[in-house]
Amino acid sequence: MFVVTADQIRSRRGPDRVPQALHALHHVPTPPVAGFERTVGDEVQGVLDKPEAVLEALMALLRDGPWRVGVGVGTVEQPLPASPRAGRGPAFIAARTAVEAAHSPATGGLAVRTEAAEAARQSALAESALLLWADLVRQRSAQGWAVCDLLDDGLTQREIAERLGISPSAVSQRVRAARWEHQRRAADLAAYHLQAAHDLAVGGIR
């Protein structure tokens with residue numbers, strides 16, 4: 001399992017962003033195993049079972065605003081309770097370690113951790129891939145988001161041009177500026193290493 005814990009940055013000096021973040025997280029394509037909810041103060045937490053779901057949750061948080069995010073990889077005690085706050089197991093412990101590590105500038109506000117020594121290398125590789133992916137996402141402009149969202153929905157660039165009322169060449173320029181293809185490849189790489197870390201952490205073979 002993957003436990004994602006997010007801590008709002010500078011929460012004492014700004015508005016409470018938890019309700020807004022929860023709204024975004026509740027509308028990701030892949031539903032979590034245990035839905036995201038406020039755990040304590042300005043933190044939110046959810047449990048997911050697919051690396052693609054982790055990336056969707058991280059994307060929602062990156063778009064929402066300033067969050068430090070920790071991803072814990074490993075097993076959880078079964079049966080898993082409906083509320084993440086009641087969850088136990090190595091993945092929950094690792095998520096706590098990860099979100100604390102995300103406070104370090106070296107992590108870029110995003111960390112992946114596991115309690116399983118055999119999965120540590122893959123977790124570190126997953127974190128590196130996620131940092132590259134997150135940097136691409138954070139640099140995207142509003143115009144870039146508009147185009148990339150439609151690409152993710154399966155529209156062609158010509159269809160996007162018609163939808164937005166701009167030329168196909170303008171769409172192509174925005175796609176390049178948003179580095180959509182680079183982001184997709186980084187996401188694939190991160191998902192691969194997250195799955196590899198998960199398989200090792202739960203005793204599988206990768």
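Just so you know, residue 1 is the first one in the sequence shown, and it goes up from there. Small disclaimer: the values here were computed from a predicted structure and weren't measured.
Across all non-hydrogen atoms, the minimal contact from Gly108 to Leu131 is CA-CD2, 4.3 Å. Here the shortest heavy-atom pairing between Ala102 and Ala111 reads N-CB, 4.1 Å. Leu48 approaches Phe36 most closely through the heavy-atom pair CD1-CZ, 4.0 Å. Annotation for Pro84 and Gly35: closest pair CG-O, 3.2 Å, computed over non-hydrogen atoms. Contact between Gln8 and Val18 at its shortest, heavy atoms only, is OE1-N, 4.1 Å. Across every non-hydrogen atom of Ala161 and Pro168, the tightest pair is CB-N, 3.8 Å.
Shown here is Arg163, whose CZ atom has no more than 12 heavy atoms of other residues, nucleotides or ligands within 6.0 Å. More than 12 heavy atoms of other residues, nucleotides or ligands shown are found within 6.0 angstrom of NE2 on His103. Residue-environment remark: NE2 (His23) stays at or below the threshold of 12 foreign heavy atoms within 6.0 Å.
Checking Gln183 against Arg140 by side-chain atom types alone, a donor-acceptor pair falls below 3.5 Å. Using modelled atom types and a 3.5 Å distance limit, the side chains of Glu127 and Thr107 yield no donor-acceptor pair.
Contact check for Leu189 versus Arg185: no side-chain heavy atoms found under the 4.5 Å cut-off. Contact annotation: the side chain of Trp180 approaches that of Asp152 to within less than 4.5 Å [non-hydrogen atoms, C-beta and beyond]. Between Ser172 and Gln157, the closest side-chain pair of non-hydrogen atoms falls below 4.5 Å. Looking at Gln173 and Arg176, their side chains come closer than 4.5 Å, going by heavy atoms from C-beta outward. Side chains of Glu77 and Phe92 form no contact here, defined as non-hydrogen atoms less than 4.5 Å apart. Using a 4.5 Å heavy-atom threshold, the side chains of Ile93 and Arg96 count as separate. Using a 4.5 Å cut-off on side-chain heavy atoms (C-beta onward), Asp16 and Arg38 make contact. Between Arg174 and Ser141 there is no side-chain heavy-atom pair separated by less than 4.5 Å.
With rounding to the nearest 0.5 angstrom, the CE atom of Met1 is 9.0 Å from the NZ atom of Lys50. Interatomic distance, Leu62 CG to Leu136 CG, rounded to the nearest 0.5 Å: 11.0 Å. A distance of 11.0 Å separates CZ of Arg17 from CD1 of Ile9, quoted to the nearest 0.5 Å. Between the SG atom of Cys148 and the CZ atom of Arg179 there is a distance of 12.0 Å, given to the nearest 0.5 Å. Taking CZ of Arg158 as the reference point, atom OG of Ser167 lies at 10.5 Å (rounded to 0.5 Å). The line from CG of Asp49 to NE2 of His198 is 8.0 Å long, rounded to the nearest 0.5 Å.
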For this session: Might you work through the side chain to side chain contact (heavy atoms under 4.5 Å, CB included) test for Phe2 and Val76, ending with a clear yes or no?
Result: CA-CA 9 Å; Phe2 304 97; Val76 299; over 6 Å; no
For this session: Show your working on side chain to side chain donor-acceptor pair (under 3.5 Å) between Asp135 and Gln139 and close with a plain yes or no.
Result: CA-CA 6 Å; Asp135 279 345; Gln139 293 171 21; 5.4 Å; no
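Both Trp67 and Leu58 are assigned to one and the same hydrophobic cluster, defined by single-linkage of ILVMFWY side chains at heavy-atom distances under 4.5 Å. Both Met59 and Val112 are members of a single hydrophobic cluster when ILVMFWY side chains are connected at heavy-atom separations under 4.5 Å. By the criterion of side-chain heavy atoms lying less than 4.5 angstrom apart, applied directly or through intervening Ile, Leu, Val, Met, Phe, Trp or Tyr residues, Val73 is not grouped with Leu200; the two fall into different hydrophobic clusters. Leu130 and Leu61 fall within a single hydrophobic cluster, where Ile, Leu, Val, Met, Phe, Trp and Tyr side chains are chained together by heavy-atom contacts under 4.5 Å. Put simply, Ile166 and Leu151 are part of the same group of oily side chains (I, L, V, M, F, W, Y) that touch within less than 4.5 Å, one to the next.
The backbone N or O of Leu22 lies less than 3.5 Å from a partner atom in the side chain of His26, making a donor-acceptor pair. Side chain of His193 to main chain of Ser123: no donor-acceptor pair is present (N/O by atom type, distance under 3.5 Å, no hydrogens or angles). No donor-acceptor pair closer than 3.5 Å links the side chain of Gln122 to the backbone N or O of Ala119.
Taking the charged nitrogens against the carboxylate oxygens, Asp149 and Arg63 do have a contact shorter than 4.0 Å, which makes a salt bridge.
For Glu56, the side chain to side chain donor-acceptor pair (under 3.5 Å) partners two or more places apart in sequence, or in a different chain, are Thr30.
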